[in-house]
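Here the structure is laid out as structure tokens; the discussion comes afterwards.
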Amino acid sequence: MKRSHRFKRSIKPKKSLYIKLTNSNNEQDITATTSMTLSSSIKPSSSLIRANSNLKPQIPTSSSSLISFEKYAILSQDFFQIDALDLAPRLLGKFLRRDDVVLQITEVEAYRPNDSACHGRFGLTPRTAPVFGPGGHAYVYLCYGLHTMLNIVADKEGVGAAVLIRSCAPVCGLETIQLRRGQKTEKPVLLAGPGKIGQALGISTDWSSHPLYTPGGLEVLDGPEPEKILIGPRVGIAYASPEHVNALWRFAVADSPWISAPKNTLGPPP
DNA sequence: GAAAAGATTAAA
DNA sequence: TTAATCTTTTCC
């Protein structure tokens, strides 16, 4: 069934050439690059692909994101036990790891106490319990009945705050990511969007409350701080009060292609 | 016990 | 622009 979906997508007019080339690209190429750095894992390896002028560059040519993640250590729980508004931008550039899959965080949103858009606004419920727990754990919930959304719980125990991971760049395990996503692409559609992160990591709501500061399962590793960031209002919270709808609590790595829609509401900080 | 709404995605 | 899809929360 998934296969037919994939095929259907592959006959989209504008992208047909790209897909075809990717498929004819031997799979060795893809596997060979999955354990390498971000730059090499997503750089088009075929000159034919490069020749297609419709294709935008996959990554910025700056050296900011070309660092291998291996030298970075797992973050301690202290790191997460601060206001979600402080934690959110600090998570940009950090790595999410689950087994062979490593993603670099490129876009986040902060959700806080007394925030009419935060899931904690109804108080402690079975679903939202992890949000009120100590920072450093995962909060995973199902959105629209089908998308698993990964949040990182912020602040101290008793405070209802979390940071939603909206987009990432692939670093390792590209093949696994593509398999789980059901899309054999290296373009931002692979990981730009919160539901795609949960799918790429292969997590379900069972992962809610999982500690991210202990080895094994799902971990958050330290990573390089981005040179520049963009800020904007959060996405999909029209039901909240105007004050919170307008709050600029969405953060993204400037110049990264791995950013979800809408992009035109993001801009440089004042 | 029922109904509404939702921190979205993919395809048209 | 819209259908898909189903859990959580709230209301009666």
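Among residues two or more places apart in sequence or in another chain, the side chain to side chain contact (heavy atoms under 4.5 Å, CB included) test is passed with A161(A) by A84(A), P113(A), A154(A), D155(A), V159(A). Under the rule for a ring pair (Phe, Tyr, Trp, His ring centres under 6.0 Å), the partners of Y213(A) that lie at least two apart in sequence or sit in another chain are H137(A). S208(A) pairs by the side chain to side chain contact (heavy atoms under 4.5 Å, CB included) definition with P130(A), Y139(A), V140(A), not counting sequence neighbours.
Comparing H147(A) and T205(A) by the nucleotide of DNA chain C that holds the closest heavy atom to each, the one mapping nearer the 5' end is H147(A).
Grouped with I259(A) in one hydrophobic cluster are L230(A), L266(A), the linkage being side-chain heavy-atom contacts under 4.5 Å among Ile, Leu, Val, Met, Phe, Trp and Tyr residues. Hydrophobic cluster membership for Y144(A): L146(A) (Ile, Leu, Val, Met, Phe, Trp, Tyr linked by side-chain heavy atoms under 4.5 Å, directly or transitively). Taking a 4.5 Å side-chain heavy-atom cut-off between Ile, Leu, Val, Met, Phe, Trp and Tyr, the cluster of F122(A) contains only that residue.
Contacts between residues 148-158 of chain A and DNA chain B, counted as heavy-atom distances below 4.0 Å, involve M149(A), N151(A). Against DNA chain B, the stretch residues 119-137 of chain A makes heavy-atom approaches under 4.0 Å through H119(A).
Here side chain to side chain donor-acceptor pair (under 3.5 Å) pairs that include residues 232-249 of chain A, with residues two or more places apart or in two chains, are D115(A)-R234(A), S116(A)-S241(A), S116(A)-H244(A), S241(A)-H244(A). Note on residues 166-195 of chain A: no pairs pass ring pair (Phe, Tyr, Trp, His ring centres under 6.0 Å), not counting sequence neighbours.
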Read 5' to 3' with Watson-Crick or G-U pairs under 3.5 Å, [ ] for crossing pairs and | for partners on another strand, DNA chain B gives ||||||.||||.
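Aromatic stacking of Y239(A) on dG6(B): not satisfied for centres closer than 5.5 Å together with planes under 30 degrees.
For the OP1/OP2 pair of dA7(B) and a distance below 4.0 Å, the side-chain nitrogens and oxygens of R250(A) include no atom meeting the criterion.
Within the 4.0 angstrom heavy-atom criterion, base atoms lie near L164(A). Using a 4.0 Å heavy-atom cutoff across all strands shown, L146(A) reaches at least one base atom of the nucleic acid.
Where DNA chain C meets chain A (any atom under 4.0 Å from a heavy atom), the bounding nucleotides read 5' to 3' are dT5(C) to dT10(C).
Atom OH of Y144(A) is separated from atom P of dA7(B) by 6 Å (rounded to the nearest Å).
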